[in-house]
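Here the structure comes first, spelled out in structure tokens, and everything after it is commentary.
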Amino acid sequence: IREGFPLQFNMTLFAKARMIALKQLYGRLLGTREQQTYMVGLFPEAMKTHFERAIEKDPLRHAIFGYHGHRELLYALSSFFHFSFNFPQVGFYKHGIPSATTLFFELHDLDETEAKQAGVSGSGHYVRLVVFAPCPAVTTVSKGPAEILCNGQAYRLGFHPDSDFVPYEKFKYHLASRVEETGSWKDLCAFEQLPARTTPHAPARTHTNANVYDPA
């Protein structure tokens, strides 16, 4: 569509086929809670570690931490945290995601005033998910690099549907309860940590030219 080539198929049929493909993908990769835990892998654990460092004002904390993956990871996150992607573009609709979709899991430290403005019960730490994706016009019309992302949209997590802001303790509880129920991704794939190397590397060998052919 972007390149201006004529369509070789019916768009309605394409959208229906896309929905079937997405349902098969979700069923094959994310049909059980164990699969969901396995597919998100280290991501929730890494996110929790960086949130804890931020709360404790650890010198090693990061203002932003980027974690890049294929779209299957984003599908897994939607299943793990109980939310559905919803984009109006043809072929995506519910669950599907366009390229360059970006998720921001934000950690907020709200005071009483900010908490009141956010519509939450009190001050403290909260997590909010904001999803950015290419605007519909960008996916259908060839454009330059400017204005690639639309304004972000807050997504509510299924285990806390009443607010965009999830209390951090509740967020942590969700992570812990899922691992307790299914086992960690390490348990599910029988991951074994390789032992750290304790012996020094062998010194480099001195090579000679004894086996080099000399045409002279």
Side-chain angles (χ1 to χ4, degrees), residues 22-23 25-27 29-58 61-69 71-88 92-97 101-133 149-185 187-188:
L22 283 170
K23 287 180 180 179
L25 175 68
Y26 270 85
L29 297 182
L30 306 166
T32 68
R33 294 166 80 83
E34 287 78 10
Q35 286 177 299
Q36 296 164 15
T37 301
Y38 173 78
M39 288 297 293
V40 295
L42 185 64
F43 181 83
E45 181 181 336
M47 178 165 52
K48 176 177 173 291
T49 297
H50 286 279
F51 281 169
E52 294 287 342
R53 287 177 177 173
I55 292 172
E56 297 169 2
K57 302 190 185 305
D58 189 309
R61 67 185 184 277
H62 297 286
I64 185 170
F65 178 78
Y67 197 102
H68 304 274
R71 66 183 61 205
E72 286 78 10
L73 172 61
L74 275 65
Y75 292 145
L77 288 170
S78 71
S79 297
F80 187 87
F81 287 111
H82 309 309
F83 67 89
S84 296
F85 293 107
N86 195 6
F87 298 109
F92 296 108
Y93 299 112
K94 194 171 184 179
H95 301 308
I97 59 173
T101 298
T102 304
L103 276 60
F104 284 91
F105 286 89
E106 304 172 339
L107 178 65
H108 293 259
D109 186 4
L110 303 180
D111 60 26
E112 290 292 344
T113 301
E114 293 168 333
K116 186 175 181 179
Q117 293 172 344
V120 295
S121 57
S123 61
H125 292 96
Y126 292 84
V127 176
R128 183 176 70 159
L129 169 62
V130 179
V131 178
F132 287 81
L149 294 179
C150 287
N151 293 328
Q153 177 183 351
Y155 274 54
R156 294 189 176 183
L157 305 184
F159 60 89
H160 189 76
D162 299 328
S163 172
D164 297 344
F165 292 86
V166 183
Y168 183 62
E169 291 302 318
K170 187 172 185 178
F171 184 82
K172 283 201 307 182
Y173 175 79
H174 176 75
L175 300 184
S177 62
R178 284 299 298 267
V179 171
E180 182 179 354
E181 175 189 349
T182 65
S184 70
W185 66 273
D187 300 326
L188 293 169

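Values in this document were obtained by computation on a predicted structure and should not be read as measured data. What's counted below: heavy atoms across the whole structure, side chains too, no hydrogens, waters or symmetry copies.
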*For Phe43 and Phe105, run side chain to side chain contact (heavy atoms under 4.5 Å, CB included): C-alpha distance rounded to whole Å, both residues' side-chain angles, the deciding distance at 0.1 Å, then the answer.*
CA-CA 11 Å; Phe43 181 83; Phe105 286 89; 3.9 Å; yes
_Distance in Å, Glu72 CD paired with Leu30 CG, rounded so as to fall on 0.5 Å steps_ = 9.0 Å
*Going by the angle between their ring planes, with limits at 30° and 60°, are Phe85 and Tyr155 parallel, tilted or perpendicular?*
tilted
*Decide side-chain hydrogen bond (donor to acceptor under 3.5 Å, both in side chains) for His50 and Glu52; before the verdict, give the C-alpha distance in whole Å, the side-chain angles of both, and the deciding distance to 0.1 Å.*
CA-CA 5 Å; His50 286 279; Glu52 294 287 342; over 6 Å; no
*State plainly whether the residues Lys172 and Glu169 are in salt-bridge range, i.e. N to O under 4.0 Å.*
yes
*Indicate the atoms forming the closest heavy-atom contact of His160 with Phe165, along with that distance.*
NE2-O, 3.2 Å
*Taking the inter-plane angle between the rings of Phe81 and Phe159 on a 0 to 90° scale, is it parallel (under 30°), tilted (30 to 60°) or perpendicular (over 60°)?*
tilted
*Spacing of Ser123 atom OG and Asp111 atom CG [to the nearest 0.5 Å]*: 7.5 Å
*At what distance, to the nearest 0.5 angstrom, does CD of Gln36 lie from OG of Ser78?*
8.5 Å
*Please test Phe132 against Gln153 for side chain to side chain contact (heavy atoms under 4.5 Å, CB included), starting from the C-alpha separation and ending with a verdict.*
CA-CA 7 Å; Phe132 287 81; Gln153 177 183 351; over 6 Å; no
_pair Leu29-Met39: side-chain heavy atoms closer than 4.5 Å_ = yes
_Validation row: Val131, Thr102 side chains within 4.5 angstrom (heavy atoms)_ = no
*Search all heavy atoms of Gly183 against all heavy atoms of Thr37 and return the closest pair with its distance.*
O-CG2, 3.4 Å
_Heavy-atom closest pair, residues Val120 and Ser163_ = CG1-OG, 3.7 Å
*Do Tyr75 and Val40 come within less than 4.5 Å of each other through their side chains, counting heavy atoms only?*
no
*More than 12 heavy atoms of other groups within 6.0 Å of Lys170 NZ*: yes
*Under 4.5 Å between any side-chain heavy atoms of His125 and Leu107, yes or no?*
yes
*So do the side chains of Leu129 and Phe104 get within less than 4.5 Å of each other, counting heavy atoms only?*
no
*May I ask you to decide if the ring planes of His174 and His82 are parallel, tilted or perpendicular, using 30° and 60° as cut-offs?*
perpendicular
_Where Asp109 and Glu114 come nearest, the two heavy atoms and their spacing_ = O-OE1, 3.5 Å
*Straight-line distance of Phe80 CZ to Leu157 CG, nearest 0.5 Å*: 11.0 Å
_Smallest separation among heavy atoms of Ser79 and Arg178, with atom names_ = O-NH1, 4.3 Å
*Do Met47 and Phe171 come within less than 4.5 Å of each other through their side chains, counting heavy atoms only?*
yes
*With ring pair (Phe, Tyr, Trp, His ring centres under 6.0 Å) as the test, would you mind laying out the steps for Tyr168 and Tyr126 before giving the verdict?*
CA-CA 5 Å; Tyr168 183 62; Tyr126 292 84; 9.9 Å; no
*Can a salt bridge be assigned to the pair Arg156 and Asp164 using a cut-off of 4.0 Å between side-chain N and carboxylate O?*
yes
*For Glu180, does the CD atom have more than 12 heavy-atom neighbours from other residues, nucleotides or ligands under 6.0 Å away?*
no
*Nearest heavy atoms of Arg128 and Val130, plus distance in Å*: NE-CG2, 3.6 Å
*Can you find a heavy atom in the side chain of Leu175 that is under 4.5 Å from one in the side chain of Pro44?*
yes
